[in-house]
Amino acid sequence: MVVVLDLRKGEPDRLGARVLVVADTERLAAGQQVLQDLFSSRLVRAVLVVAVGPRLRLPPALDGERRRVLWVGDPRGILWDADTGEAALGPEVSSEAILIDLLSQPEVFDEVVAGLGDIPYSTASPGWRIVAGRIDPEVLSQAFREVSERFHGPAQQDTAGFSSPLATALPVLSGTVDLPADVLDPLIPDGPLDRMHRRAAEQIDRAARALEELTYFSPAPARAAIAGEVIAAGKALAEFRDTVARLFADIDHSDEGAKETLAMHGVKFATPAGMGATEIVAELRADVESALAERRSLTRLVSRLRLLADHSAPIGSAAFVADLWRICPDELLNALHAPADFPATLLDRFVFWRRSRAWWREQLALGPARTALDELRSRLERVAASEWMLGGARTHTSDAARTLAAALNDACAQVAGTLTNWSRAEAGQAAASPALDEEVTVRLRDRGGQLREVITGDLLDAVTGWLEPGWTALEHGDYRDVQVGLDRRIDETLRQYRYHLVHRGVQERPDFGTGDAGRQELVDAVWRQSQQVVRALRAQPGGQMLQLCGDRDLAVLLRQASAVRFAPRAVRGQGNPPGVVWTRSGQYAGTLRLVPLRPGTVEENWSGDGT
């Protein structure tokens, strides 16, 4: 980078390899000691002095090989053709700030320092033909305002599925897909609950077989035996239902004592493979980063994460107790506990007996009992899987998704607020300087939509970096740590991006950028189709340019000049003249003219006090 030291404002507070010194010609000699310190510093590699004002007088520190001076006799400048000597009034506005901004680009600074080394006395008057690449303040203000609205607009629902190919755990944990078969087998074979279920099934089947074996000639004791089997089946079914109900109520959530209680009842508790905290966070990260890379709306992403948090949160097994009574109501158990008597029949009317047996079978309710038992087992398996085996994973998913949603929502609000402030600041700025060609600026006015997409894409890329420190915290369940330092990281990135837009322009990708975001299309449409850029880069040093001097100063300038050609590196392509300096800045493209001074023009001031 280039350190700018304005001697009119004070001494430097830092140094760098390149130092651009700005001073008035009348007080330049007073900076003798500062200049000596610069040249003697081991940190400073090159010093370029911009002397502003009439009658150039240089102190001893600028004597000899170390001298590199640009003399700005009048910062308003004059239109001058060095070949013909013709001159005309310039724009009558100071171009000092533009010159300093231009020389603050390291690539241009180095080229000017090298060029001055080949000029007699290493002193020259600067002139230029430059095309401005600055975005019109009103256009930029509108873009900031629209991007701000996109970052903090009304909440939008997003019910899309998980797009990442890694998404295997999240769809299960959120209920998007059904539970896998290996998870739906929570009972330990021959464990207490498995035996209780098997015993109830066997008892119901035994009673059903006895009923099927009942014949017209079966005696009364046989019918009594069937009733006894039905009563036993009812007791076994009631025992299974009540045990499951107590377990649902007692465990509720997967707390610390749940593992021992479940093991005692013969229920698996271990989290299935692929459902651990590391896998869950990896899938969340892949999904979020995929959404950012695809330039999806952040408000929709926040809504989606909140929906995931709601759907994945366990509700506790106690909420399913009522289902058990609906599946196996007391009325069914009462029918089993006190079975109806076989109806009296006429012994000589066989058809009446068959009807009576069918009626009795219906009253004994063995079919509904077996259905209830199967549904109780099914409900136990699903609740054990979703609320116990996956309870911890679902809790972690819900908390992590909600934490991410909160972090992104805060980031959106902070970005939106900053962009709103930027929009207000730009609205009060002046348009491009009349000292520069404005074709690129004019072209950018018609590209507000593309400009908005580029800025939006850049800021979405930045979100990836803001979230980076939080992923490890999410894995460990340290949810509060996710937002620690987030606002500071956002502020720093936005500060850098603001500087980037001012000094490098929109066509140069920021350091944190990862995607094109339509930037190349914007460059092609604005810079590469500009005829003014082509003319400015091919301008002959002897032609008409804005020379930064007064009309009286022209007499001390030689009619020979060298040129430094420069343009943003994003514009690099075919058809450009040789020797162009490609800069990281996107503000300027054109030709800087260095005109030597006649011998004897430069006076040396040895007093050291500027007098």
From [atom1] ([X]) to [atom2] ([Y]), nearest 0.5 Å:
{"X": "Arg306", "Y": "His311", "atom1": "CZ", "atom2": "NE2", "answer": "14.0 Å"}
{"X": "Asp491", "Y": "Gln496", "atom1": "CG", "atom2": "CD", "answer": "11.5 Å"}
{"X": "Arg206", "Y": "Leu211", "atom1": "CZ", "atom2": "CG", "answer": "14.5 Å"}
{"X": "Glu212", "Y": "Ile226", "atom1": "CD", "atom2": "CD1", "answer": "9.5 Å"}
{"X": "Leu332", "Y": "Ile327", "atom1": "CG", "atom2": "CD1", "answer": "12.0 Å"}
{"X": "Thr271", "Y": "Arg394", "atom1": "OG1", "atom2": "CZ", "answer": "13.0 Å"}

With Glu289, which residues qualify under side-chain hydrogen bond (donor to acceptor under 3.5 Å, both in side chains), at least two apart?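 Partners of Glu289 under the side-chain hydrogen bond (donor to acceptor under 3.5 Å, both in side chains) test: Arg285.
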May I ask you to test the [X]-[Y] pair for a side-chain heavy-atom distance under 4.5 Å?
{"X": "Leu193", "Y": "Phe240", "answer": "yes"}
{"X": "Arg145", "Y": "Ser148", "answer": "no"}
{"X": "Glu239", "Y": "Arg199", "answer": "yes"}
{"X": "Leu467", "Y": "Leu408", "answer": "yes"}
{"X": "Cys328", "Y": "Leu333", "answer": "yes"}
{"X": "Leu419", "Y": "Leu494", "answer": "no"}
{"X": "Leu262", "Y": "His265", "answer": "no"}
{"X": "Arg326", "Y": "Arg379", "answer": "yes"}

Show your reasoning for whether side-chain contact (heavy atoms from CB on, under 4.5 Å) applies to Glu475 and Ile280. CA-CA 8 Å; Glu475 283 188 19; Ile280 290 169; over 6 Å; no
Ignoring hydrogens, what is the shortest heavy-atom contact between [X] and [Y]? Give both atom names and the distance.
{"X": "Leu298", "Y": "Phe151", "answer": "CD1-CE2, 3.5 Å"}
{"X": "Val302", "Y": "Asn409", "answer": "CG2-N, 4.0 Å"}
{"X": "Pro339", "Y": "Val230", "answer": "CB-CG1, 4.2 Å"}
{"X": "Ala401", "Y": "Leu284", "answer": "N-CD1, 4.2 Å"}
{"X": "Gly470", "Y": "Val482", "answer": "O-CG2, 3.8 Å"}
{"X": "Ala245", "Y": "Val321", "answer": "O-CG2, 3.9 Å"}

Any donor-acceptor N/O pair, [X] side chain to [Y] backbone, under 3.5 Å:
{"X": "Thr403", "Y": "Asp399", "result": "yes"}
{"X": "Thr397", "Y": "Ala393", "result": "yes"}
{"X": "Glu426", "Y": "Glu138", "result": "no"}
{"X": "Glu283", "Y": "Thr168", "result": "yes"}
{"X": "Ser398", "Y": "Ala309", "result": "yes"}

State whether [X] and [Y] are salt-bridged, where the test is any N-O pair (Lys NZ or Arg NE/NH1/NH2 against Asp/Glu carboxylate O) under 4.0 Å.
{"X": "Arg382", "Y": "Asp323", "result": "no"}
{"X": "Arg402", "Y": "Asp310", "result": "yes"}
{"X": "Glu492", "Y": "Arg495", "result": "yes"}
{"X": "Arg295", "Y": "Glu453", "result": "no"}
{"X": "Arg198", "Y": "Asp194", "result": "yes"}
{"X": "Glu146", "Y": "Arg150", "result": "no"}
{"X": "Arg241", "Y": "Glu375", "result": "no"}
{"X": "Glu202", "Y": "Arg195", "result": "no"}

Are Asp410 and Gln483 close enough that a side-chain donor and a side-chain acceptor fall under 3.5 Å?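 Yes.
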Does a donor on one side chain sit under 3.5 Å from an acceptor on the other, for Ser141 and Ser423?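 A pair is found: one side chain offers a donor N or O, the other an acceptor, under 3.5 Å apart.
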Candidate list Ile188, Thr261, Leu247, test side-chain contact (heavy atoms from CB on, under 4.5 Å), partner Val267, passing option: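 Passing option: Leu247.
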Does atom CG of Asp190 have more than 12 heavy-atom neighbours, drawn from other residues, nucleotides or ligands, at distances under 6.0 Å?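 Yes, CG of Asp190 has more than 12 neighbouring heavy atoms, counting only those of other groups under 6.0 Å.
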Does a sphere of radius 6.0 Å around NZ in Lys235 hold more than 12 heavy atoms from other residues, nucleotides or ligands, not counting ones at 6.0 Å or beyond?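 No, because the 6.0 Å sphere around NZ of Lys235 holds 12 heavy atoms or fewer from other groups.
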Over-ring placement of Arg223 relative to Trp360, 6.0 Å and 45° cut-offs: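 Geometry flag: not set, cation outside 6.0 Å or 45°.
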ring-ring contact (aromatic ring centres under 6.0 Å, His included) pairs, two or more places apart, involving residues 461-496: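 ring-ring contact (aromatic ring centres under 6.0 Å, His included) check on residues 461-496 returns His396-Tyr479.
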Please lay out, stage by stage, how Glu468 and Thr464 fare under the test side chain to side chain donor-acceptor pair (under 3.5 Å). CA-CA 6 Å; Glu468 179 64 34; Thr464 302; over 6 Å; no
With side-chain contact (heavy atoms from CB on, under 4.5 Å) as the test, would you mind laying out the steps for Met275 and Val172 before giving the verdict? CA-CA 9 Å; Met275 302 285 181; Val172 172; 3.9 Å; yes
Would Phe269 and Met389 count as a side-chain contact (heavy atoms from CB on, under 4.5 Å) here? Give the steps. CA-CA 5 Å; Phe269 185 74; Met389 293 179 67; 5.8 Å; no
What do the steps show when you test Arg304 against Asp287 for side-chain contact (heavy atoms from CB on, under 4.5 Å), and what is the final call? CA-CA 11 Å; Arg304 178 179 178 182; Asp287 196 68; 3.2 Å; yes
Aromatic centroids of Phe320 and Trp325 separated by under 6.0 Å: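 Not under 6.0 Å, so no.
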